[in-house]
Amino acid sequence: EVQLQASGGGLVQAGGSLRLSCAASGFTFDDYAIGWFRQAPGKEREGVSCFSSSDGSTYYADSVKGRFTISNDSPKNTVFLQMNSLKPEDTAVYYCTADRGSCGSSWYIPSEYDYWGRGTQVTVSS
């Protein structure tokens with residue numbers, strides 16, 4: 001059974017940092033792309049970042065480039081999202097997701113992904 005477990009969310013002041021973790025199980029980690037999405041109240045789910053386990057390539061939304069970094073710990077089947085210089089507009093529920101293959105040009109589209117975990121709340125106060 002494929003499982004994705006996101007953790008690490010919390011309440012932080014603007015300018016602060018958080019590191020989210022996505023623990024994956026039930027599939028061959030190196031065959032999948034792992035994505036992070038977020039959804040704020042009243043807004044559509046937004047692609048934040050994607051990591052291709054096969055070649056280590058990474059993708060970021062323009063809104064987080066230079067502030068967020070996606071990385072992995074392959075032996076532990078875990079992907080991290082380091083979030084620095086957080087802004088109130090980063091407040092959302094963050095989800096990790098998996099798709100067989102690599103991150104492609106459509107990495108930011110939710111329907112491209114097969115598996116979703118429960119989200120973790122990130123709240124950035126001003």
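In this chain, numbering begins with 1 at the start of the sequence shown.
In this structure, Leu18 and Leu86 have side chains that are in contact, with non-hydrogen atoms separated by less than 4.5 Å.
Criterion: ILVMFWY side-chain heavy atoms under 4.5 Å apart, direct or through other members. Under it, Val93 and Phe68 are not part of a common hydrophobic cluster. By the rule that hydrophobic residues join a cluster once side-chain heavy atoms approach within less than 4.5 Å of another member, Ile109 and Tyr94 end up as members of separate clusters.
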Report the C-alpha separation of Tyr59 and Ser49 in whole Å, then their side-chain angles, then the decisive distance to 0.1 Å, and conclude whether the side chain to side chain contact (heavy atoms under 4.5 Å, CB included) test is met.
CA-CA 5 Å; Tyr59 296 76; Ser49 185; 5.7 Å; no
After noting the C-alpha distance and the side-chain angles of Arg45 and Trp116, does the key distance pass the side chain to side chain contact (heavy atoms under 4.5 Å, CB included) rule?
CA-CA 12 Å; Arg45 195 164 291 191; Trp116 291 81; 3.3 Å; yes
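Nearest heavy atom pair, residue Ala61 against residue Gly47, reads CB-O, 3.3 Å. In terms of heavy-atom proximity, Gly9 sits nearest to Leu20 at N-CD2, 3.6 Å. Taking all atoms of both residues into account, the shortest heavy-atom contact from Cys22 to Leu4 is SG-CD2, 4.0 Å. Closest approach of Val12 and Gly16 over heavy atoms only: CG2-CA, 3.8 Å.
We find the CZ-OG1 distance between Arg118 and Thr120 to be 12.5 Å, quoted to the nearest 0.5 Å. To the nearest 0.5 Å, the span separating OG on Ser21 from CG on Asn72 amounts to 12.0 Å. Rounding to the nearest 0.5 Å gives a distance of 9.5 Å between OG of Ser25 and CD of Gln5.
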Distance-only donor-acceptor pairs under 3.5 Å for side chains of residues 77-84, two or more places apart:
residue	atom	partner	partner atom	Å
Thr78	OG1	Lys76	O	2.9
Gln82	NE2	Asn84	OD1	2.9
Asn84	OD1	Ser17	OG	2.9

Got a list of side-chain donor-acceptor pairs under 3.5 Å for residues 95-105, not counting sequence neighbours?
residue	atom	partner	partner atom	Å
Thr97	OG1	Tyr115	O	2.5
Arg100	NH2	Tyr32	OH	3.2
Ser102	OG	Ser54	OG	3.0

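At least one donor-acceptor pair under 3.5 Å links the side chain of Tyr60 to the backbone N or O of Ile70. Between the side chain of Thr123 and the backbone N or O of Leu11, no donor-acceptor pair lies under 3.5 Å.
Between Phe37 and Tyr113, the ring centre distance stays below 6.0 Å.
Here salt bridge (Lys or Arg N to Asp or Glu O under 4.0 Å) pairs that include residues 24-40, with residues two or more places apart or in two chains, are Arg38-Glu46, Arg38-Asp90.
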